[in-house]
A.B. asks: 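Take this structure, written in structure tokens, and hold onto it; I'll ask about it next.
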Amino acid sequence: VSTVPAAATQELQGRRRVRDRLGDRLLLALTLAAGLGAVALIGVIAYRILRGAHVAFSSFGLSFVWGTAWDTNKNLFGAAPGLFGTAVTSLMALLIATPLAIAIALFLSELAPRGFRVLVGSLVEMLAAIPSVVLGLWGILVLGPFVTNHLEPWLHRWLGFIPLFDEEGAAPGVFLAGLILAIMVVPIVASVCRELFLSIPSELEEGALALGATRWEMVRGVVLSSSRPGIAAAVILGLGRALGEAIAVTQVIGAQWVIKSSLFVPGDTLASRIAGQYQGAITKLQISSLFYLAAILLVIGLLTNLVAQLVVRRSTFQRTGGS
Amino acid sequence: MAVEPALTLRGDARVRRRRIVNRLAEAGATIAALAAVSVLGIVVWSIAKRGGSELSWGFLTKDLPLFGQPGGGIAPLLVGSALLVGIATAIALPVGVLIAVFLEEFASPAVRAPIQLSVDLLNGLPSIIIGVFVFGLLVYGHPQNGWAGSVGLAIVMLPLVTRATQEVLRLVPSSHREGALALGASRWRTVLGITLPSAFGGILTGTVLAVARAAGETAPLLFATSIFGRTINWNPGQALPNLPVQIFIWSESAEPEDHKRAWASALVLLIFVLATSLIARLALARSRRKLSR
């Protein structure tokens with residue numbers, strides 16, 4: 001039996017203890033710094049954008065929000081047409097995408113055979129992976145002509161009495177932007193809803209089926225009714241995406257700073273106006289006005305996300321708290 | 001002998017109506033799924049058809065075309081995009097992993113909440129906001145430069161890397177950590193020697209997904225690196241040519257020749273993005289299965 005002097009072992013252990021304590025402290029400090037960095041980043045982003053908007057804020061004040069002009073010669077700028085365009089395109093995208101996405105999620109979670117489920121599920125997720133600039137290119141050169149030549153005349157003929165479908169216009173426009181946004185929103189809402197539906201205890205579903213409910217009655221009574229808050233959160237997340245999409249919308253919307261009731265005319269959104277001005281902003285006031293638009297978008301975007309988070313937290317709390 | 005009422009398995013009108021409604025609902029869900037898949041198919045097919053005929057070795061290796069002239073290629077765009085995304089990954093990967101380690105291994109609930117919220121908010125931040133922020137922080141008053149674009153892309157990638165890492169860290173069985181700690185290993189040795197290595201595969205695939213996302217992002221680059229030369233540039237101190245912004249510029253052009261270039265470049269970008277995210281997803285599913293077993 002080899003004997004190690006007791007003093008030597010103690011010294012070794014002592015050195016190790018010091019090193020371990022140092023290592024622990026260091027790792028904790030590093031990771032904590034990174035975590036606090038994430039919080040600080042949000043703050044710095046907000047601060048930078050508000051500071052950039054300072055010049056526009058001091059010359060327009062809050063009236064920028066409801067101002068309708070975008071006149072570089074008279075140096076008059078306002079956000080209202082962009083707010084209007086953002087609201088209209090996002091709303092249209094959600095109206096199209098929500099029922100579709102819920103139906104897809106139901107197909108993936110309740111209906112599709114197992115092997116098929118993975119395949120279709122990953123194809124739908126692939127749809128979300130298409131870069132927005134590529135989707136926008138497709139929108140302006142393929143979907144656009146189709147919409148102008150077929151869809152818009154058809155809608156105009158049958159629904160033209162509604163102001164929404166009044167005025168036949170050229171390819172780029174609010175309607176096309178809404179369609180492209182719908183394509184972008186569908187996979188997001190669908191994948192959140194699918195996770196939601198899969199998390200419902202199968203005893204509940206099997207119970208309903210055993211009581212003689214058809215599959216649809218089971219879905220309506222068990223799946224949909226118990227995941228309503230979650231669906232709402234998914235739709236709000238989709239809304240966040242639609243509000244903030246800049247590139248694809250810039251490509252297809254036609255960049256007109258106007259408020260019109262018809263969908264078949266060019267328009268603009270907050271995000272697409274910012275993106276569209278990337279080469280054109282010269283004066284300080286104009287650049288600052290773009291920052292102001294970004295500030296409005298930031299506030300709306302953060303609020304949307306916060307609401308979605310709150311809804312999710314409350315719904316998960318209810319589910320775990322109830323059982 | 002009493003006559004038994006006829007007991008048929010065919011339902012009455014009500015049952016039949018319920019069954020029809022059920023069939024309609026099932027058909028509706030199936031059609032919706034088919035519609036989503038066919039939109040993907042149509043987009044990919046039309047890009048492959050238009051872009052494929054333009055794609056050639058010369059297109060991939062030549063400098064950008066002179067204004068208004070035929071020919072040219074996209075080599076500078078490929079180099080620039082690779083540089084931008086590479087630098088962004090070098091920033092976002094370590095920081096994202098550190099944040100995730102803090103959230104999953106160290107943070108108390110009270111500290112955790114605001115940091116997790118910030119990561120979620122970053123994830124939902126419109127990318128054009130990041131573009132404007134980077135412009136205000138790093139570009140306004142200076143010439144455009146690649147560093148600024150990379151920082152923008154890194155902000156896009158950061159929450160994605162963090163979330164992916166968090167997810168795999170949660171899957172590492174706590175018995176592994178407890179075993180290491182019970183053997184007298186310190187916290188940092190446990191994290192670096194046990195937890196992170198077993199989460200390595202998941203972190204890698206999460207990063208690849210983030211790279212696929214960043215490679216196609218246009219908005220963070222639009223104000224940072226959109227006015228560039230037509231030759232290959234390896235210096236991030238200057239504006240770097242890159243695929244997404246050039247596709248955007250070509251798609252806004254009125255020249256049919258530019259549209260052709262846009263299609264071919266879009267095909268290159270799409271192949272890269274779809275292939276990497278497909279591979280990453282398959283690997284992710286495998287590593288999750290392995291960890292949760």
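Numbered from 1 within each chain, the chains take letters A, B, ... in sequence-line order.
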A.B. asks: Where on B/I47 is there a heavy atom nearer than 4.5 Å to chain A: the side chain, the backbone, both, or neither?
C.D. replies: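 Contact with chain A involves the side chain of B/I47 alone.
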
A.B. asks: Could you tell me if the side chain of A/M126 sits less than 4.5 Å from the side chain of B/S277, heavy atoms only?
C.D. replies: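 They are in contact (side-chain heavy atoms under 4.5 Å apart), so the answer is yes.
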
A.B. asks: Nearest heavy-atom pair of B/I99 and A/A38: which atoms, and what distance?
C.D. replies: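 Heavy atoms only, the tightest pair is CD1-CB, 3.9 Å.
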
A.B. asks: May I ask you to name which of A/I45, A/V118, A/V134 has the most heavy-atom pairs under 4.5 Å with chain B?
C.D. replies: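 So the answer, after comparing A/I45, A/V118, A/V134, is A/I45.
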
A.B. asks: Would A/L290 and B/F135 satisfy side-chain contact (heavy atoms from CB on, under 4.5 Å), going step by step from the backbone distance to the final call?
C.D. replies: CA-CA 11 Å; A/L290 291 178; B/F135 171 76; over 6 Å; no

A.B. asks: CG of B/L24 to CH2 of A/W216: how many Å apart, nearest 0.5 Å?
C.D. replies: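 Between atom CG of B/L24 and atom CH2 of A/W216 there are 10.5 Å.
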
A.B. asks: With a 4.5 angstrom heavy-atom cut-off, could you sort out which part of A/Q309 is near chain B: side chain, backbone, both or neither?
C.D. replies: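 Side chain only.
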
A.B. asks: Where does B/V43 contact chain A at under 4.5 Å (heavy atoms): side chain, backbone, both or neither?
C.D. replies: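 Both parts, backbone and side chain.
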
A.B. asks: Enter the distance from B/I128:CD1 to A/R273:CZ here, rounded to the nearest 0.5 Å.
C.D. replies: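 So the gap between those two atoms works out to 12.5 Å.
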
A.B. asks: Taking the side chain as every heavy atom from C-beta outward, state whether B/V39 and A/L127 have any atom pair closer than 4.5 Å.
C.D. replies: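 With C-beta onward as the side chain, the pair touches.
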
A.B. asks: Relative to chain B, which segment of A/L293 carries a heavy atom at a distance below 4.5 Å: side chain, backbone, both, or neither?
C.D. replies: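 Neither part; nothing is under 4.5 Å.
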
A.B. asks: Heavy-atom distances under 4.5 Å only: say whether B/R213 touches chain A with side chain, backbone, both or neither.
C.D. replies: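 Contact with chain A: none, neither part.
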
A.B. asks: Please examine the side chains of A/L141 and B/W263, heavy atoms only from C-beta on, and report whether any two atoms are closer than 4.5 Å.
C.D. replies: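 They are in contact (side-chain heavy atoms under 4.5 Å apart), so the answer is yes.
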
A.B. asks: Where the side chain of B/R187 meets the backbone of A/D24, is there a donor-acceptor pair that is under 3.5 Å apart?
C.D. replies: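 Here the side-chain-to-backbone pair does not exist.
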
A.B. asks: Nearest heavy-atom pair of A/V133 and B/P244: which atoms, and what distance?
C.D. replies: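 So the minimum-distance heavy-atom pair works out to CG2-O, 3.7 Å.
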
A.B. asks: Determine the option with the most heavy-atom pairs under 4.5 angstrom with chain B, choosing from A/V186, A/L143, A/T304, A/T250.
C.D. replies: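 When all of A/V186, A/L143, A/T304, A/T250 are compared, A/T250 has the most.
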
A.B. asks: Between B/P126 and A/G244, what is the shortest heavy-atom contact and its length?
C.D. replies: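 What the structure gives for the nearest pair is CB-CA, 3.6 Å.
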
A.B. asks: Measure distances from A/I183 to the heavy atoms of chain B and classify the residue's part below 4.5 Å as side chain, backbone, both or neither.
C.D. replies: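 Contact with chain B is through the side chain of A/I183 alone.
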
A.B. asks: Among A/L123, A/I247, A/L30, A/I274, which residue has the highest count of heavy-atom pairs closer than 4.5 Å to chain B?
C.D. replies: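 Answer, by heavy-atom pair count under 4.5 Å with chain B: A/I247.
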
A.B. asks: Name the region of B/V132, side chain, backbone, both or neither, that has any atom closer than 4.5 Å to a heavy atom of chain A.
C.D. replies: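 Answer is both: backbone and side chain atoms of B/V132 are under 4.5 Å from chain A.
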
A.B. asks: I need the residue from A/V44, A/L111, A/L36 with the largest number of non-hydrogen atom pairs under 4.5 Å to chain B.
C.D. replies: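 The candidate making the most pairs under 4.5 Å is A/L111.
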
A.B. asks: Answer yes or no: is there a side-chain heavy-atom contact under 4.5 Å between A/P131 and B/L270?
C.D. replies: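 Side-chain contact under 4.5 Å: yes.
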
A.B. asks: Out of B/A212, B/G216, B/S186, which one racks up the most heavy-atom pairs below 4.5 Å with chain A?
C.D. replies: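 Going by pairs under 4.5 Å, I would pick B/S186.
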
A.B. asks: Non-hydrogen atoms of chain B under 4.5 Å away: do they reach the side chain of A/L237, the backbone, both or neither?
C.D. replies: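 Neither part; nothing is under 4.5 Å.
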
A.B. asks: Roughly how far apart are A/L26 CG and B/W188 CH2, rounded to 0.5 Å?
C.D. replies: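 With rounding to 0.5 Å, CG (A/L26) is 9.0 Å from CH2 (B/W188).
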
A.B. asks: Heavy-atom distance under 4.5 Å between the side chains of A/I287 and B/Y140, does that happen here?
C.D. replies: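 Side chain of A/I287 against side chain of B/Y140, heavy atoms only: contact under 4.5 Å found.
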
A.B. asks: Quick one: does B/F106's side chain get under 4.5 Å of A/L27's, heavy atoms only?
C.D. replies: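 Touching, per the 4.5 Å side-chain cut-off.
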
A.B. asks: I need the B/I20 CD1 to A/T214 OG1 distance, nearest 0.5 Å.
C.D. replies: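 If we round to the nearest 0.5 Å, B/I20:CD1 and A/T214:OG1 are 12.0 Å apart.
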
A.B. asks: Please look at A/I49 and chain B and tell me whether the side chain, the backbone, both or neither of the residue comes under 4.5 angstrom of a heavy atom of that chain.
C.D. replies: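 A/I49 touches chain B through side-chain heavy atoms alone.
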
A.B. asks: Highest number of heavy-atom pairs under 4.5 Å with chain B: which of A/L135, A/L302, A/I102?
C.D. replies: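 Counting heavy-atom pairs under 4.5 Å, the top option is A/L302.
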
A.B. asks: Determine the minimum heavy-atom distance between A/L137 and B/A266, stating which atoms define it.
C.D. replies: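 Smallest heavy-atom distance, with atoms named: CD2-CB, 3.7 Å.
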
A.B. asks: Might you point out which heavy atoms bring A/F107 and B/A33 nearest each other, and give the distance in Å?
C.D. replies: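 So the two residues come closest at CD2-CB, 3.4 Å.
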
A.B. asks: Kindly check if the number of other-residue, nucleotide or ligand heavy atoms within 6.0 Å of CZ (A/R117) is above 12?
C.D. replies: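 Enclosed.
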
A.B. asks: Given a strict heavy-atom distance threshold of 4.5 Å, which part of A/V39 is in contact with chain B: side chain, backbone, both, or neither?
C.D. replies: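 Both parts, backbone and side chain.
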
A.B. asks: Which region of B/I130, side chain (C-beta onward) or backbone (N, CA, C, O), has a non-hydrogen atom less than 4.5 Å from a non-hydrogen atom of chain A, or is it both or neither?
C.D. replies: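 Neither part, no heavy atoms under 4.5 Å.
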
A.B. asks: Name the region of B/L269, side chain, backbone, both or neither, that has any atom closer than 4.5 Å to a heavy atom of chain A.
C.D. replies: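 Side chain only.
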
A.B. asks: Less than 4.5 Å to any heavy atom of chain A: does that hold for the side chain of B/F223, its backbone, both, or neither?
C.D. replies: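 Contact with chain A involves the side chain of B/F223 alone.
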
A.B. asks: Is A/R19 close to chain B through its backbone or its side chain, or both, or neither, when contacts mean heavy atoms under 4.5 Å?
C.D. replies: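 Contact with chain B: backbone and side chain both.
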
A.B. asks: Examine whether an atom of B/I155 lies under 4.5 Å from a heavy atom of chain A, and if so say whether it belongs to the side chain, the backbone or both; otherwise answer neither.
C.D. replies: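 The side chain, not the backbone.
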
A.B. asks: With a 4.5 angstrom heavy-atom cut-off, is it the side chain or the backbone of B/E26 that approaches chain A, or both, or neither?
C.D. replies: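 When you check distances to chain A, atoms from both the backbone and side chain of B/E26 fall under 4.5 Å.
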
A.B. asks: Roughly how far apart are B/D120 CG and A/N305 CG, rounded to 0.5 Å?
C.D. replies: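 So the gap between those two atoms works out to 8.0 Å.
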
A.B. asks: Out of A/I130, A/V219, A/L243, A/V120, return the one with the most heavy atom pairs under 4.5 angstrom to chain B.
C.D. replies: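 Most heavy-atom pairs under 4.5 Å with chain B: A/I130.
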
A.B. asks: Heavy-atom distances under 4.5 Å only: say whether B/A36 touches chain A with side chain, backbone, both or neither.
C.D. replies: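 Both backbone and side chain.
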
A.B. asks: Atom OG of B/S251 and atom CD1 of A/I140: how far apart are they, to the nearest 0.5 Å?
C.D. replies: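 That separation rounds to 7.5 Å.
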
A.B. asks: Counting only heavy atoms closer than 4.5 Å, note whether B/R50 contacts chain A via side chain, backbone, both or neither.
C.D. replies: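 The answer is the side chain of B/R50.
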
A.B. asks: With heavy-atom distances below 4.5 Å as the criterion, would you say the side chains of A/E217 and B/N22 are in contact?
C.D. replies: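 Heavy-atom side-chain distance check fails, nothing below 4.5 Å.
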
A.B. asks: Looking at B/P114, B/S265, B/G124, B/P159, which has the largest count of heavy-atom pairs under 4.5 Å with chain A?
C.D. replies: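 Answer, by heavy-atom pair count under 4.5 Å with chain A: B/G124.
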
A.B. asks: Do B/F102 and A/L28 touch side chain to side chain, with heavy atoms closer than 4.5 Å?
C.D. replies: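 In short, these two side chains touch, coming nearer than 4.5 Å.
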
A.B. asks: For B/V191, which atoms come within 4.5 Å of any heavy atom of chain A: side chain, backbone, both, or neither?
C.D. replies: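 For B/V191, the side chain is the part near chain A, not the backbone.
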
